[in-house]
Peer 1: 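Got a structure here, written out as structure tokens. Questions coming.
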Number of protein chains: 2
Amino acid sequence: MTQIPKIPNRHDKDFNDETRKIILQTSRRLFLEFGFRAVSTRRIAEACGLTQPALYHHFANKQDLYLAVHQEMLTETRQGLDRVARRGGHLKDSISGVVRYLLATQGEDTNLLFHDLAHELDMDVRDNIGNLFRENVVAPIAAIFARAIDQHILLNIDEGGISPMAATYLLLSMVQGMAHVPSQPEPDMALYSVDKTADSIAEIIVNGLPRSRPS
Amino acid sequence: MTQIPKIPNRHDKDFNDETRKIILQTSRRLFLEFGFRAVSTRRIAEACGLTQPALYHHFANKQDLYLAVHQEMLTETRQGLDRVARRGGHLKDSISGVVRYLLATQGEDTNLLFHDLAHELDMDVRDNIGNLFRENVVAPIAAIFARAIDQHILLNIDEGGISPMAATYLLLSMVQGMAHVPSQPEPDMALYSVDKTADSIAEIIVNGLPRSRPS
DNA sequence: CCTACCGATCGGTAGG
DNA sequence: CCTACCGATCGGTAGG
């Protein structure tokens with residue numbers, strides 16, 4: 001019998017689980033910045049110090065890697081939002097805490113994620129990530145608005161208000177929007193600290209743009 | 001001398017300027033939905049009923065076509081926003097008019113455009129489109145907020161307000177955000193008419209989420 | 001405006 | 001985890 005060469009597999013010592021973590025954190029950074037299509041598997045591998053086929057020992061394919069990245073990230077986001085929610089406080093403080101968390105963690109780029117879900121991913125992966133996003137991001141934030149409606153702080157739809165989910169998507173889009181404000185010669189929001197930006201967004205959501213007098 | 005075969009060029013009758021318009025409107029639709037990278041030149045050509053190399057008789061390359069699409073579109077947006085501005089009226093009415101125009105024309109996807117500018121285009125095209133966006137979209141909207149600050153309706157930065165440009169990016173992101181709210185079994189904002197959605201966003205920008213009582 | 005084609009790059013596989 | 005390689009697709013060109 002000929003000698004069978006050593007082929008690493010997930011049961012060997014040299015099948016390094018550390019490598020999987022490196023691939024995950026590297027591809028997370030790249031996918032979040034550039035999106036699914038613009039990040040090639042070779043680019044991920046190179047950034048990890050691997051050859052491209054090596055990725056396929058840890059993930060079945062590119063979409064599977066993208067899914068794993070978002071499963072991990074959305075779980076983390078859920079934990080952060082739950083921590084904010086447990087602090088309680090008034091509506092504006094809760095909103096400010098949510099915004100601060102989203103800004104500080106440089107979390108999901110909602111728009112880039114939606115673009116990938118709509119155009120780049122197969123149905124099963126799309127549904128999987130879409131459900132995780134609704135469960136782990138939208139639901140916890142919407143609960144804050146729903147609570148304010150129950151306490152008659154905000155109006156419900158029948159009274160001329162908007163739904164908790166619509167309020168949540170509005171909040172998420174405002175967080176994304178502040179990232180695009182170009183830096184100015186004079187000090188501007190983009191140069192503010194995360195805390196100040198979060199308070200400012202929360203203030204606008206609850207009371208609108210700062211006015212001279214309540215009209 | 002051998003017979004020189006007929007090669008169409010821009011001076012011939014069969015070099016159809018109508019074709020250029022078809023390419024522009026077709027690629028506009030595709031670029032707006034899928035972004036620069038995801039739209040191949042072959043896909044554009046096929047949608048126009050042409051072969052892919054035929055595109056290069058009308059545009060030097062893919063980026064040049066992308067540029068022409070946005071030059072045309074941003075000019076149209078400028079005209080629409082100027083028309084809204086000329087109507088005058090109170091701040092909330094102006095904002096509502098802007099939002100209504102942006103929603104009705106299914107204009108620029110700001111986030112997709114920013115992604116392309118940041119990651120997909122050469123510096124010269126990026127700067128060109130970036131300048132056009134600031135001149136034709138940001139500036140007209142920011143002027144509305146600047147006017148409200150001059151009239152002491154909104155606070156300026158020193159008084160705790162935000163800059164006209166920051167307010168503009170916030171408005172643009174809110175418009176984008178409403179497009180992502182999933183349709184619900186119960187009637188929701190996504191099912192509202194453009195007019196109602198525009199009024200709702202304007203109300204939130206000026207007065208915040210609808211509350212039971214001014215606190 | 002077409003056919004034919006170029007080099008580069010893509011996601012993924014074979015096989016060890 | 002590597003080398004070697006596959007078919008598909010990309011933007012763009014040659015030449016008529």
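Within every chain, numbering begins at 1; the chains are lettered A, B, ... in the order of the sequence lines, protein sequences first and strands thereafter.
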Peer 1: Between T41(B) and R42(A), which residue's closest nucleotide on DNA chain D lies nearer the 5′ terminus?
Peer 2: R42(A)
Peer 1: Provide, to the nearest angstrom, the distance between the CD atom belonging to E120(B) and the P atom belonging to dG11(D).
Peer 2: 11 Å
Peer 1: Describe the nucleic acid contact of T51(B) in one word from base, sugar-phosphate, nothing, applying a heavy-atom distance below 4.0 Å.
Peer 2: base
Peer 1: Restricting to non-hydrogen atoms, name the atom on V175(B) and the atom on L103(B) that form the minimum distance, rounded to 0.1 Å.
Peer 2: CG1-CD2, 3.8 Å
Peer 1: Looking only at the side chain of K62(A) (C-beta and beyond, no hydrogens), which of the listed nucleotides dC2(C), dG11(C), dC2(D) gets closest?
Peer 2: dG11(C)
Peer 1: Which whole-number value in Å describes the distance from H58(B) NE2 to dC2(C) P?
Peer 2: 9 Å
Peer 1: When you match A54(B) and N61(A) each to their closest nucleotide on DNA chain C, which lands nearer the 5' end?
Peer 2: A54(B)
Peer 1: Could you tell me the separation between the CG atom of L121(A) and the P atom of dG11(C), rounded to a whole number of Å?
Peer 2: 13 Å
Peer 1: Over 60° means perpendicular and under 30° means parallel, so classify the ring planes of F114(B) and Y169(B), tilted if in between.
Peer 2: tilted
Peer 1: Rounded to whole angstroms, how far apart are CD on Q52(B) and P on dC5(C)?
Peer 2: 15 Å
Peer 1: What is the separation between atom CG on L50(B) and atom P on dC2(C), rounded to the nearest whole Å?
Peer 2: 6 Å
Peer 1: If we count only N and O atoms by modelled type, under 3.5 Å, do the side chains of Q176(B) and T110(B) hold a donor and an acceptor together?
Peer 2: yes
Peer 1: Whole angstroms only, please: what is the OH-P distance between Y56(A) and dC6(D)?
Peer 2: 17 Å
Peer 1: What is the distance from CG of L55(A) to P of dG11(C), rounded to the nearest Å?
Peer 2: 10 Å
Peer 1: Separation of D122(B) atom CG from dG11(D) atom P, in whole Å?
Peer 2: 14 Å
Peer 1: Provide the Watson-Crick or G-U wobble partner of dT3(D), both distances under 3.5 Å; none if there is no partner.
Peer 2: dA14(C)
Peer 1: Could you tell me whether the side chains of N136(A) and T77(A) share a donor-acceptor contact shorter than 3.5 Å?
Peer 2: no
